[in-house]
Colleague: 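Right, I'll just put the structure down here and ask away after.
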Number of protein chains: 2
Amino acid sequence: MEKEIKILLVDDEPHILQFLEMGLVNEGYEVATAPDGITAIGVAEQFSPHIVILDVMMPGIDGFEVCRMLKKNGSQAAVIMLTAKDEVEDKVKGLTLGADDYVVKPFSFEELLARIQARLRNQFPSLFGEVSIGPFRIDDRRKEIIYQGKVLELSPTEHQLLRYLVLNHGIVLSKTLILDKVWGYDFGGEENIVEVYIRSLRDKLGDKEHRLIRTLRGAGYRVDLL
Amino acid sequence: MEKEIKILLVDDEPHILQFLEMGLVNEGYEVATAPDGITAIGVAEQFSPHIVILDVMMPGIDGFEVCRMLKKNGSQAAVIMLTAKDEVEDKVKGLTLGADDYVVKPFSFEELLARIQARLRNQFPSLFGEVSIGPFRIDDRRKEIIYQGKVLELSPTEHQLLRYLVLNHGIVLSKTLILDKVWGYDFGGEENIVEVYIRSLRDKLGDKEHRLIRTLRGAGYRVDLL
DNA sequence: AAGGAAGCTGAAAATTAGCTGAAAGAGGCC
DNA sequence: GGCCTCTTTCAGCTAATTTTCAGCTTCCTT
């Protein structure tokens, strides 16, 4: 597996916090959260995140202040601020105070994700770069998986699943584990969905004999690179 | 066997505690237990476990708090939390407080085992590695047993049984014991099933003379490495 | 050598895991 | 709205696996 990228989320609204956290964990990031500025400073010290996502409007210390303090403490983290539509002039203020990027509420999760990745590429290029594993190449930047030189046409879930399987090739992964890692902890559905997606991947990989993605009855699945 | 891996179990229900302890000891782990959070903190300090398995719901200090305190005390341990189905949002909370993984009750023992091993691999890779015993190699990651260089094709039960026999080679194992360890304490069937499976293993190992898996009439079976 | 207990064996019966195709549901987009 | 893709559920199917069982062999005891 690649090195874990750590993100600290700071927002006073538990809803948003939870929503973002689940989404980001699901994307494979290591996530910590804090409900206010003070906590955030403390957590950041121990957690040393690569990225801090900061709500501007918070009770107590506001986002700008947190940002300033982080930088003062020598944090390497890139800071992305979340700001409401009618606080646009804050943008100027924010940039001068060290924030690296902005996302205006309401925003789509995909947009935030894109910003995060853009930042990471700028700030921590070493963490990036596509991985080649056997006949696979995983290009996170392009969100592509290349198999035997050809780009696979995958749905988002298929992509995540295959990525997870390939990065953990040679290891048996139970359906429950896969469900947790790919679908997330709160997924309420049946394990059968894993089977369905495995099938779809096998189809797209031309793995008719189930040699690439092997089934270990009663145990799970394992990718064997040929 | 990885004899020196230490696990601390914390749960207020004696049933569960005992059940898990037996299972884990059986798997070769060194196990300590604690019935509540306070005790757990104390035990952890002396025992310095590699893994702590924590029930979330406990009288007195709850799992989250214990987790936090452990980390504060500089514990290296990975923390796996046990949480009830309807406490799913706790998952989110837990991860931010330092737990490394979750298992949702009710869970199978196998599932917990898989999580433990996954964690160990992440956190203490040096402790890991497949075991070679005589002509056998047991690779738990791949869930494979190699005999004389060839991968054995085993059903789940066959795999467990052979693994248990080989790890305890040289020791006579009674059918009752085997039944308990491989089939579980609640198995209601006949001991004959052990004979049936032993036979199947002998077949697959080419052990026609019963020299590898020896029968000790009235006592049990013993694996003799040649 | 007979009788009985313990273990072996092959096959049948019962159970279950995983596969599959199709259909229903959920969003997003024009 | 209507159309698209993607996700999820579902039920029937298949085949692997587990379990039972009855008859057989082997070994021990007397």
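Chain letters run A, B, ... following the sequence lines, proteins first, then strands; residues in each count from 1.
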Colleague: Look at B:E158 together with B:R163 and state whether they make a salt bridge at an N to O cut-off of under 4.0 Å.
Modeller: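 So B:E158 does not pair with B:R163 through a salt bridge.
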
Colleague: If you draw a 6.0 Å radius around CD in B:E190, do more than 12 non-hydrogen atoms from other residues or ligands fall strictly inside?
Modeller: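 No, CD of B:E190 has 12 or fewer neighbouring heavy atoms, counting only those of other groups under 6.0 Å.
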
Colleague: Counting primed atoms plus P, OP1 and OP2 as sugar-phosphate and everything else as base, spell out the protein contacts along nucleotides 17-30 of chain D at 4.0 Å heavy-atom distance: B, S or - for each nucleotide, 5' to 3'.
Modeller: SBBBB----BB---

Colleague: I'd like to know if B:K204 and B:E153 make a salt bridge, using a cut-off of under 4.0 Å between side-chain N and carboxylate O.
Modeller: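 No salt bridge links B:K204 with B:E153.
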
Colleague: Tell me the interatomic distance from A:L161, atom CG, to D:dC6, atom C1', rounded to whole angstroms.
Modeller: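 After rounding, the gap between these two atoms is 14 Å.
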
Colleague: So does B:T215 get a side-chain nitrogen or oxygen closer than 4.0 Å to the phosphate oxygens (OP1/OP2) of C:dC8?
Modeller: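 Looking at the OP1 and OP2 atoms of C:dC8, one of them is under 4.0 Å from a side-chain N or O of B:T215.
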
Colleague: Regarding A:R211 and A:D207, does a basic nitrogen lie under 4.0 Å from an acidic carboxylate oxygen?
Modeller: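 Looking at A:D207 together with A:R211, the answer is no, because their closest N to O distance does not fall below 4.0 Å.
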
Colleague: Can you find a side-chain donor-acceptor pair between A:T176 and B:R115 that sits under 3.5 Å?
Modeller: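 Note: A:T176 and B:R115 side chains miss the donor-acceptor criterion.
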
Colleague: With a cut-off of less than 4.0 Å, is there a side-chain N or O of A:K175 near OP1 or OP2 of C:dA17?
Modeller: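 For C:dA17, OP1/OP2 do not have a side-chain N/O of A:K175 under 4.0 Å.
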
Colleague: For B:E195 and A:L216, take the nucleotide of DNA chain C holding the closest heavy atom to each; which residue's nucleotide lies nearer the 5' end?
Modeller: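 Per heavy-atom nearest nucleotide, the more 5' residue is B:E195.
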
Colleague: Is the shortest side-chain N to carboxylate O distance from A:E144 to A:R137 below 4.0 Å?
Modeller: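 So A:E144 does not pair with A:R137 through a salt bridge.
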
Colleague: What is the distance, to the nearest angstrom, from the CD1 atom on A:I213 to the P atom on C:dT20?
Modeller: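 Nearest whole value for this atom pair: 12 Å.
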
Colleague: For A:H210 and C:dA17, what is the distance between atoms NE2 and P respectively, to the nearest whole Å?
Modeller: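 Checked: the NE2 to P distance equals 19 Å.
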
Colleague: Nearest whole Å is fine: how far is C:dC19 P from A:I198 CD1?
Modeller: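 It works out to 8 Å between those atoms.
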
